Amino acid sequence: MSGGPLASPTPADRANSASANLHALFRAMSMLPGGRLEEGGHVARHLRFPTNPMFKGAWATRVPKREEDAVIDETIDWFRSRQAPYFFWWTGPQTRPSALGARLMAKGFISMEEQQKVLAHGIVQTASGAPVMTMDLRDADPSLIGRVPPGFAVREATSLADLDAFKEVFVSTYEIPEWAGQAWVDATMSFGLGRSPWRIFIGWLDGEAVATNILFNGGGVASVYAIATIAKVRGQGIGAAITLAPLLIARDAGYRYAALFSTEMGMPVYARIGFRDTGARIDRYLWRAG
């Protein structure tokens, strides 16, 4: 899955598409000043300043059997020697060995399901990981964007005030630490407004920020992150609108397919838009410096 937008993905391409987009996002993050990126060995790694483990991670793991403990230990040492307070280790359909998650937890990593208890109370996942969902954007129904309350509009962030509004919605919706949202603000401002590899969108209802979305195109597909809708406005079509509006922009830019990995709460919304579960799963395991 390299080159331009996917045109005719196989079932395997669809299953791997969210991982491919995620890996492209990590490469983009490494372009921040002072960023580090290592690929080509048993595991890829990226590291950059924002205080959020999304910006520090290990991924694309392909380790021979019986060598996983050594690779895990070496990777922990790599991040620890660079004063990383934590990092995510991502697994997906192409991770080898497929049971790597069990070895990570034996080394003290926390699964995505367990992270809900210690880091993100509003992000509900199960032991099976996050479902990978894909959509052919030709099937998108633009009328969904209009099935919202009067006074609702989706706009791209164009100022620091907009980014702060994004942060407030994202943090409060998912009950995550303030620094987790601030990291996206800091990273976006470091690239410069209008120049970051991703695009941040906010849903406004009568002047109040009520929904968020981060659009990132890469790995052959369009994907969305940080989809959030505050509790008091749910059930009014806002979640569908904030998800779909940026994806239509990606479609106009030449992307035919969208992919994402979903929370349990998000799956019904994405299904109504037209996303379908591929059967693949993505998981992430959190390491914290002791």
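Just so you know, these numbers come straight off a predicted model, no measurement behind them.
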Give me the ring orientation class for F166 and F170: parallel if the planes are under 30° apart, tilted from 30 to 60°, perpendicular past 60°.
parallel

Treating Q94 as the side-chain partner and G92 as the backbone partner, does any N or O pair qualify as donor plus acceptor under 3.5 Å?
no

Please answer whether the main-chain N or O of S98 pairs with a side-chain N or O of T95 as donor and acceptor at a distance below 3.5 Å.
no

Let me check something: do V185 and F201 share a hydrophobic cluster, defined by ILVMFWY side-chain heavy atoms less than 4.5 Å apart, either directly or through other members?
no

Cluster link L47 to Y285, ILVMFWY, side chain under 4.5 Å
yes

Any side-chain to backbone donor/acceptor pair from R96 onto A60? Under 3.5 Å, distance only.
no

Using distance alone, with no hydrogens and no angle criterion, decide if R14 and T134 have a side-chain donor and acceptor under 3.5 Å apart.
yes

Considering non-hydrogen atoms only, spot the tightest contact between S196 and T188 and give its length.
OG-CG2, 4.0 Å

Quick one: sort the F26 and H46 rings into parallel, tilted or perpendicular, breaks at 30° and 60°.
parallel

Near-ring test F109/F87, centroid separation under 6.0 angstrom:
yes

Can the ring centres of W198 and F191 be said to be less than 6.0 Å apart?
yes

Decide side chain to side chain donor-acceptor pair (under 3.5 Å) for S143 and R147; before the verdict, give the C-alpha distance in whole Å, the side-chain angles of both, and the deciding distance to 0.1 Å.
CA-CA 7 Å; S143 72; R147 300 175 193 174; 2.8 Å; yes

Is there a side-chain contact between F88 and P53 in this structure, where contact means two heavy atoms from C-beta onward sitting under 4.5 Å apart?
yes

Tell me, do E68 and P97 make a side-chain contact under 4.5 Å, heavy atoms counted?
yes

Would M267 and M133 count as a side chain to side chain contact (heavy atoms under 4.5 Å, CB included) here? Give the steps.
CA-CA 8 Å; M267 284 192 74; M133 306 182 75; 4.1 Å; yes

Would you sort out whether R27 and M31 count as a side chain to side chain contact (heavy atoms under 4.5 Å, CB included), showing the intermediate values?
CA-CA 7 Å; R27 296 182 187 104; M31 294 188 296; over 6 Å; no

Polar side chain donor-acceptor pair, W89 to T61, under 3.5 angstrom:
yes

If you round to the nearest 0.5 Å, how far is CD1 of I230 from OG1 of T212?
10.5 Å

Should R155 and D162 count as an ion pair when the cut-off is N to O under 4.0 Å?
no

Rounded to the nearest 0.5 Å, how far apart are CG of L260 and OG1 of T243?
8.0 Å

Is it true that Y225 and Y270 fall in one hydrophobic cluster, defined by side-chain heavy atoms closer than 4.5 Å?
no

Roughly how far, to the nearest 0.5 Å, is CD of E67 from NZ of K65?
12.5 Å

Hey, mind stepping through M189 and L163 against side chain to side chain contact (heavy atoms under 4.5 Å, CB included) and telling me if it holds?
CA-CA 9 Å; M189 292 302 294; L163 294 177; 3.6 Å; yes

Cation-pi geometry met for R82 and W78 (6.0 Å, 45°)
yes

Q236 side chain near P149 side chain, heavy-atom distance below 4.5 Å
yes

Backbone of D136 reached by a side-chain donor or acceptor of R256 within 3.5 Å:
no

Is a donor from one side chain sitting under 3.5 angstrom from an acceptor on the other, for R45 and T75?
yes

Assess the side chains of W59 and S19: does a donor N or O sit below 3.5 Å from an acceptor N or O?
no

Do M135 and L215 belong to the same hydrophobic cluster, where Ile, Leu, Val, Met, Phe, Trp and Tyr are linked whenever their side-chain heavy atoms lie under 4.5 Å apart, directly or via other members?
yes

What verdict does the salt bridge (charged side-chain N to carboxylate O under 4.0 Å, His left out) test give for E38 and R36, after you've listed the backbone C-alpha separation in whole Å, the side-chain angles of each residue and the deciding distance to 0.1 Å?
CA-CA 7 Å; E38 291 189 2; R36 295 289 301 269; 3.4 Å; yes

Following the transitive rule for hydrophobic clusters with a side-chain heavy-atom cut-off under 4.5 Å over Ile, Leu, Val, Met, Phe, Trp and Tyr, establish whether V210 and V154 coincide in one cluster.
yes

For N21, which of N217, V221, N16 qualifies under side-chain contact (heavy atoms from CB on, under 4.5 Å)?
V221

Any chance you could measure I176, atom CD1, to N52, atom CG, to the nearest 0.5 Å?
7.5 Å

Please step through side chain to side chain contact (heavy atoms under 4.5 Å, CB included) for the pair T158 and L193, ending with a clear verdict.
CA-CA 6 Å; T158 59; L193 283 166; over 6 Å; no

Are K232 and E208 within salt-bridge range, i.e. N to O under 4.0 Å?
yes

Rounding to 0.5 Å, atoms OG (S8) and OH (Y257) come to a distance of 6.0 Å

Inter-residue atom distance T91.OG1 - D283.CG, 0.5 Å rounding
5.0 Å

Taking the six-membered ring for Trp, are W179 and Y86 parallel (under 30°), tilted (30 to 60°) or perpendicular (over 60°)?
parallel

Just wondering, do R199 and I249 contact through their side chains at under 4.5 Å, heavy atoms?
yes

